[in-house]
Amino acid sequence: MHTNKTLWKDVQGNPIQAHGGGLLHVDGVWYWYGEDKSGPTRRYERPDGDPIVRVDVVGVGGYRSTDLVNWEPMGVVLKAKEAAYYDLCPTQVMERPKVIFHKASGTFVMWLHIDRPDYKLAGAGVAISDKPEGPFTYMGSIRPQGRDSRDQTVFVDDDGAAYHICSTDMNATTLVTRLSGDYRSLSAESKSLFIDRYMEAHAITKSHGKYWYIASGCTGWDPNPARSAVADSIWGPWEELGNPCRGGDQPEMTWSTQSTFMQALPDDRVLVMFDRWKREALGESAYVWVAADVSAGKFELSWQDVWSGFK
Ligand code: GAL
């Protein structure tokens, strides 16, 4: 059992470094991948923008579990500097890694937000491995349809089709792009959604026949009211449902958190994962996981003091 709004520990008693992360379920094992932000937090003066608080890139932390509570560390599965790629240098930005499994080839495919410290590259990076524990091999980064990509996630539908979802047009628009058949690149099939709604921290899942979506507004590490939406197709039309958080401390500010991932659970609920960013020490940012019952077609998240796994 883990207390929400704390920095959870792995089974060895060390803080879990998997911020901005997501889950993957393969052959009865759950994998949690996210940003290892264990280095010192420092201020970066952007030449033509507001200063930003950052941690040099360590890599992507990986954990595994069979109950979504006890997490065994797999180590840093994609390390900064491991390959001779500028994108992976500690001084750059690597955020919101998500891993999906390509069954036909047995490949674990990781998508990440790749950026420069001024956030002007705005690319989508890809890394692959034939084992969940890595090491992942970095393949490079692209821009979907030549457009900027920030705060990305990936989602695999029931039919095996996979999608890349990101903020584009300087965060004004949400862009959905279908991945290629091998999940390693982007197809030409894409659509702009939530135009001029300025959303980030996108997460999508499918449950009870509908697509459920959560995101934040754009206030950097600071919290803001979450947005949610429901649709019958990933391409929309999406019906916005507002901030789904109820109860607890400051639900109107998403309990001082920002969304990162949604997962339909075997117990029929939808798990929503949040980061509670601690901007003065980003590596101490806490986790908040809550599960919702969407069977009645509503999306409401009731505060839970603890995350204790499946029902
Ligand atoms: C947030 C974003 C985070 C990180 C941060 C940097 O808006 O969701 O992933 O990029 O800004 O300030």
Side-chain angles (χ1 to χ4, degrees), residues 17-22 32-61 78 80 87-88 90-99 110-125 141 143 148-154 164-175 194 197-204 213-228 243 253-262 272-288:
Q17 287 295 332
H19 309 279
W32 178 6
Y33 299 95
E35 300 160 35
D36 183 329
K37 292 184 109 54
S38 56
T41 299
R42 61 185 180 85
R43 197 175 141 105
Y44 172 75
E45 303 292 338
R46 287 193 274 194
D48 52 359
D50 294 334
I52 194 160
V53 174
R54 59 166 282 134
V55 171
D56 279 359
V57 180
V58 177
V60 176
L78 175 66
D87 286 353
L88 298 190
T91 52
Q92 305 305 302
V93 168
M94 187 167 87
E95 291 178 340
R96 299 191 177 270
K98 306 287 178 301
V99 179
M110 180 187 290
W111 283 81
L112 335 100
H113 172 193
I114 293 290
D115 228 320
R116 301 291 171 247
D118 61 4
Y119 285 85
K120 286 191 177 162
L121 175 81
S141 70
R143 278 182 146 211
D148 54 314
S149 169
R150 298 184 181 85
D151 269 26
Q152 55 108 69
T153 192
V154 280
H164 180 264
I165 299 114
C166 67
S167 305
T168 196
D169 300 341
M170 294 304 288
N171 296 338
T173 304
T174 301
L175 182 64
F194 305 112
R197 291 289 290 136
Y198 286 88
M199 310 230 233
E200 27 177 55
H202 316 276
I204 281 189
Y213 174 84
I214 193 165
S216 70
C218 300
T219 53
W221 301 120
D222 297 327
N224 57 61
R227 325 277 182 84
S228 67
N243 178 359
M253 288 302 263
T254 322
W255 308 308
S256 302
T257 70
Q258 187 183 30
S259 46
T260 182
F261 198 74
M262 279 213 269
V272 187
M273 296 163 56
F274 298 91
D275 296 290
R276 192 169 200 250
W277 299 116
K278 184 171 173 182
R279 48 181 306 143
E280 63 279 17
L282 285 166
E284 292 171 23
S285 297
Y287 303 109
V288 170

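One-based numbering, in listed order, for ligands and for the atoms of each.
Under the salt bridge (Lys or Arg N to Asp or Glu O under 4.0 Å) criterion, Arg96 pairs with Asp151, not counting sequence neighbours. Residues forming a salt bridge (Lys or Arg N to Asp or Glu O under 4.0 Å) with Asp222 (at least two apart in sequence, or on another chain): Arg279. Asp115 meets the side-chain contact (heavy atoms from CB on, under 4.5 Å) test with Val93, His113, Tyr119, Leu121, Ala122, Arg150; sequence neighbours excluded.
Aromatic ring orientation, Tyr287 versus Trp32: perpendicular (interplanar angle above 60°, classes split at 30° and 60°).
Of the listed residues (Gln258, His202, Arg227), just one forms a side-chain hydrogen bond (donor to acceptor under 3.5 Å, both in side chains) with Ser216, and that residue is Gln258.
Contact check for Ile214 versus Phe274: side-chain heavy atoms found under the 4.5 Å cut-off.
The residues lining ligand 1, counting any heavy atom closer than 4.0 Å, are Ile52, Glu95, Arg96, Tyr119, Asp151, Glu200, Gly220, Trp221, Gln258.
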